[in-house]
Amino acid sequence: MSESLSAEGGASYASAGVDIEAGDRAVELMKEWVKKTKRPEVLGGLGGFAGLFDASALKSYERPLLASATDGVGTKVDIARQMGVYDTIGHDLVAMVMDDIVVCGAEPLFMTDYICVGKVHPERVAAIVKGIAEGCVLAGCALVGGETAEHPGLLGPDDFDVAGAGTGVVEYDRLLGSDRIRTGDAVVAMASSGLHSNGYSLVRHVVFDRAGMTLDQRIDELGRTLGEELLEPTKIYSLDCLALTRTTDVHAFSHITGGGLAANLARVIPDGLHATVDRSTWAPGAIFDLVGKAGQVERLELEKTLNMGVGMMAVVPADSVDVALATLADRGVESWVAGEITERGDRATGAELVGDYAS
């Protein structure tokens, strides 16, 4: 009902702030993008109550393990809102979900999304879904469904948030993790595309509240505006990691997200072993230096919050390093040997950073 009051003069859904017609238009606009993510196993189309995925595709597995993950992109959505750019935030969402799934060696299969808005602007919602669909293509998964919820009164007309959940599959005897890691393994780092989707509460506090910067301000060190840098999409490593599992004997992956590099790497290091990562093997991008200097943030605090230029790490046997680096280079992924696995000894944590960053 488009009128603010019903024929009887009573309240209506529209008078409460929910526009069903706008929601229907948003669905129509997003259909073409969802189609681009379709895999052969997907049944039906957009509009059903549930997404359908043909599980008979898993019959070729001897002991298939389903891997699942869910996540959002945090306060980065506020940067998108302020800039009025909505077709990249979906890349971030897919990366946060599917790059968690691939860590165990699982192939991403399908994903669903949840978009919550204060008011449905059909073109805006469609742009968000466009970004999610493009991200799903980069991750090799299908977008099988989702939900757009309008929450007037709880969110402002231009406010929104996104979340998603994904599922992947891995053969039991191909499962990656800490039990495979051995002394002498190498730690291979894969470069991030920037801040990715973590630490934005700190970054926003520093650049806006403390430094007084604006999103349209051009920063020479960045070579673009602050807003363009902050909205740079999170790199999606899913297919790159799967390529490594085919060409090398990968032992483990670590997705570098909230908590920083050392803490996330420590999650996959087994008791008794230790990962030492040498900072001198790379130079973090200019945005990390800018945040550190503008907010007088100590290095250890930066490293606990931001990825410092590394978005994914792989632990591989020393004799697989050359093949691993070549595989990633062929796929356009900047990578390097950043550390090694040794006996833990009396060290309390499973991973640490040593040395100083390259200049």
**Prompt:** Can you list the steps and then say if Q217 with T225 is a side-chain hydrogen bond (donor to acceptor under 3.5 Å, both in side chains)?
**Reply:** CA-CA 5 Å; Q217 182 177 342; T225 68; over 6 Å; no
query: Judged by atom type as modelled, is there a donor-acceptor pair below 3.5 Å linking the side chain of E221 to the main-chain atoms of L290?
result: no
- When hydrophobic residues are tied together by side-chain contacts of less than 4.5 Å, even through go-betweens, does I341 share a cluster with I256? yes
Does one side chain, of S254 or N264, offer a donor that lies under 3.5 Å from an acceptor on the other? no
Here the gap from M111 atom CE to T70 atom OG1, rounded to the nearest 0.5 Å, amounts to 8.0 Å
In this structure, would V316 and V170 fall into the same cluster of hydrophobic residues linked by side-chain contacts under 4.5 Å? no
To the nearest 0.5 Å, atom CG of D216 lies from atom CD of E228 at 10.0 Å
dist C136:SG -> H91:NE2 (nearest 0.5 Å) comes out at 9.5 Å
Fill in: Check: T167/S68 side-chain N/O donor and acceptor closer than 3.5 Å
no
Distance-only donor-acceptor pairs under 3.5 Å for side chains of residues 270-278, two or more places apart:
| from | atom 1 | to | atom 2 | distance (Å) |
| --- | --- | --- | --- | --- |
| H274 | ND1 | T349 | O | 3.0 |
| H274 | NE2 | E352 | OE2 | 3.0 |
| D278 | OD1 | S280 | N | 2.9 |
| D278 | OD1 | S280 | OG | 2.8 |
| D278 | OD2 | S280 | OG | 3.0 |

So ring pair (Phe, Tyr, Trp, His ring centres under 6.0 Å) across residues 308-359, not counting sequence neighbours, yields W282-W336, W282-Y357
Rounded to the nearest 0.5 angstrom, the CG-OG1 distance for L328 and T247 is 7.5 Å
One should read off an interatomic distance between E232 CD and H196 NE2, to the nearest 0.5 angstrom, of 8.0 Å
Check: For Y237, is the NZ or CZ atom of K235 found under 6.0 angstrom from the centre of its six-membered ring and inside 45 degrees of the ring axis?
Finding: yes
Applied to residues 64-79, the salt bridge (charged side-chain N to carboxylate O under 4.0 Å, His left out) test, sequence neighbours excluded, yields K76-D92, D78-R81, D78-R204
Worksheet item: Backbone N or O of I79 within a donor-acceptor pair of the Q82 side chain at under 3.5 Å?
Response: no
Separation between CZ (R279) and CE (M308), nearest 0.5 Å, reads 8.5 Å
